[in-house]
There are 2 protein chains.
Amino acid sequence: MAETLLLGVIGGMGPLATLDLLQKILASTPAQRDQDHLPVVTWNVPQIADRQKALAGTGESPLPQLLHAVEQLNRLAVSHIVMPCNTAHHWYAPLAAASRAPILHIAQVTVEQVARLSPRPARVGLIATQGTLAAGWYQQRLAELGIDSLLPDEQEMQQWFVPGCYAVKRGELQTAGRLLQQLANALLARGAERLILACTEVPVALAAIKSPAQLLSIDPTAVLAQTCVSLWQNSGHQFADGFMQQTTL
Amino acid sequence: MAETLLLGVIGGMGPLATLDLLQKILASTPAQRDQDHLPVVTWNVPQIADRQKALAGTGESPLPQLLHAVEQLNRLAVSHIVMPCNTAHHWYAPLAAASRAPILHIAQVTVEQVARLSPRPARVGLIATQGTLAAGWYQQRLAELGIDSLLPDEQEMQQWFVPGCYAVKRGELQTAGRLLQQLANALLARGAERLILACTEVPVALAAIKSPAQLLSIDPTAVLAQTCVSLWQNSGHQFADGFMQQTTL
């Protein structure tokens, strides 16, 4: 039995979003016993510079701490790394260059999921930090599929997104959910057929208020979790009940 | 600002109990921002021999994998280690001997919490694996406080505890909760004033069904989480709002 997967998670951005990923990995695994679950090492160290402030030019870069996390996970011989924080993917290139283990890109796996939707949406709304929106990871990949991106405007960002995101970090999930649902509704009202919750704090907040917007949303944390479970299934793990699926996700 | 804490978690026994600890650490932390949360590295690798079977003489010892986990966490220079699995404390002595970082003992911190209860109970029921019950960690420490321990009988273990515990590992939390609540009720009916949920699968199951038995229960996972938060507060971390509490737990 070749157990070749050892997943490394660069967490802490924020800590709750990290647990959300770990929870979604567990929930996506067809496990009948402890040993069927993915082996995961999580570096959940939130003493890292604020990503949004760094990109806005008002704070230090988190790159040194991100590189440290990559180094530590590689010391433990992880086979793959994931990072449940969209904004931190701003530093994806230097991290991937420094890592022996491949780092899955959250926007890449998410847009691959969008490509499999049937019917494929013509216009997708993005809920993300200014840094993620400015980087264009989602918009460029969606454009390659012929999908238009609809972004929040500046007022929507300041009124709903930013306070909603930081409310999650304070553990105020109800407040966060109400704020972010207003943003979701505004994007849907402007013609988005689907939403990508491209900040890992957002699905946590919408779930906390059981927001109906979840039904039209694609959750990159969940896609990342499912991708990790597929890696595990395809690594040769034999499940207790003989379940062995070559998933196409 | 001296950030001297780096918590290491030996998880995977089971994976859901590990997430339960991480969730309870987050919930117990007076955080206003990501950076206020504890730095935690979690080795959540469930490819480890079944503890209950090992102690029953029907399976391999998990000690080699536990020692590997201790070694890996020490390589990352963790300052303290916790193990959210009571039964695995059977191997506490060799693990503690092999670890540079001190390993908190789950029964020790839990009984210290019991000692602070007012009024102090005269009789406490234990819900635990056969291995934990046979080891006597809880009974001996409770006896030093003049507290009697009430244990499940063999039929209760086979009928309720064992299937309840393994149902958690399959993710069947409702089934698990109903089984374990019956055991809790039986111990309370026989005169237990409080219960110690001394298997980390049990609080997860009772929470899933919102069991009223939780009100009379001491949850070692929660106590371990609070102990970790106290370590963080006492390590010199400056919280965002200036909150700095020397907790007595």
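The sequence lines fix the lettering, A, B, ..., with proteins before strands; numbering per chain opens at 1. Everything numeric in this text was worked out from a predicted model, so none of it was measured.
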Next on the checklist: My understanding is that only one of B/Val9, B/Val82, B/Thr29 makes a side chain to side chain contact (heavy atoms under 4.5 Å, CB included) with B/Cys228; could you say which?
Outcome noted: B/Val82
Item to check | Options A/Leu38, A/Leu76, A/Leu26, ranked by heavy-atom pairs under 4.5 Å with chain B, top entry | outcome: A/Leu76
Checklist outcome for this item: In terms of heavy-atom pairs under 4.5 Å with chain B, the winner among A/Val41, A/Val45, A/Ile48, A/Val40 is A/Val40
Checklist entry - Given B/Trp43, which of B/Glu71, B/Met83, B/His68 fulfils the side chain to side chain contact (heavy atoms under 4.5 Å, CB included) condition? => result B/His68
Next on the checklist: Does any backbone or side-chain atom of B/Leu7 lie under 4.5 Å from a heavy atom of chain A? Answer side chain, backbone, both or neither.
Outcome noted: neither
Checklist entry - Shortest non-hydrogen contact from A/Ile196 to A/Pro220? => result CG2-CG, 3.8 Å
Checklist entry - Any luck finding a side-chain donor-acceptor pair between B/Tyr166 and B/Asp50 under 3.5 Å? => result yes
Item to check | Residue pair B/Thr129 / B/Thr132, side-chain donor-acceptor N/O under 3.5 Å | outcome: yes
Item to check | Contacting region of A/Glu201 [heavy-atom separation from chain B under 4.5 Å] | outcome: side chain
Checklist entry - Counting a contact as any heavy-atom pair under 4.5 Å apart, which residues of residues 13-25 of chain B contact chain A? => result B/Met13, B/Gly14, B/Pro15, B/Leu16, B/Leu19, B/Leu22, B/Gln23
Checklist entry - Are B/Ile81 and B/Leu104 close enough, and set up right, to give a side-chain contact (heavy atoms from CB on, under 4.5 Å), and what steps lead you there? => result CA-CA 6 Å; B/Ile81 290 178; B/Leu104 279 64; over 6 Å; no
Next on the checklist: Is the shortest side-chain heavy-atom distance between A/Thr110 and A/Trp137 below 4.5 Å?
Outcome noted: no
Checklist entry - For B/Gln47 and B/Gln65, what are the C-alpha separation, side-chain angles and deciding distance, and is it a side-chain contact (heavy atoms from CB on, under 4.5 Å)? => result CA-CA 8 Å; B/Gln47 285 67 45; B/Gln65 292 123 314; 5.8 Å; no
Checklist entry - Do B/Leu224 and B/Thr200 pass the side-chain contact (heavy atoms from CB on, under 4.5 Å) test, and can you show the C-alpha distance, the side-chain angles, and the key distance before you say yes or no? => result CA-CA 11 Å; B/Leu224 203 54; B/Thr200 51; over 6 Å; no
Side chains of residues 173-184 of chain B: which donor-acceptor partners sit under 3.5 Å, not counting sequence neighbours?
unit_1: B/Gln174; atom_1: NE2; unit_2: B/Ala208; atom_2: O; d: 3.3
unit_1: B/Gln181; atom_1: OE1; unit_2: B/Ser211; atom_2: OG; d: 2.7
unit_1: B/Gln182; atom_1: OE1; unit_2: B/Trp160; atom_2: NE1; d: 3.4

Item to check | Members of residues 51-60 of chain B whose heavy atoms come closer than 4.5 Å to chain A | outcome: B/Arg51
Checklist outcome for this item: Taken in chain and number order and not counting sequence neighbours, the residues that satisfy salt bridge (charged side-chain N to carboxylate O under 4.0 Å, His left out) with A/Arg75 are none
Checklist entry - Side chain, backbone, both or neither: which part of B/Ala49 has an atom under 4.5 Å from a heavy atom of chain A? => result backbone
Checklist entry - Do the ring centers of B/Trp232 and B/His37 come within less than 6.0 Å of each other? => result no
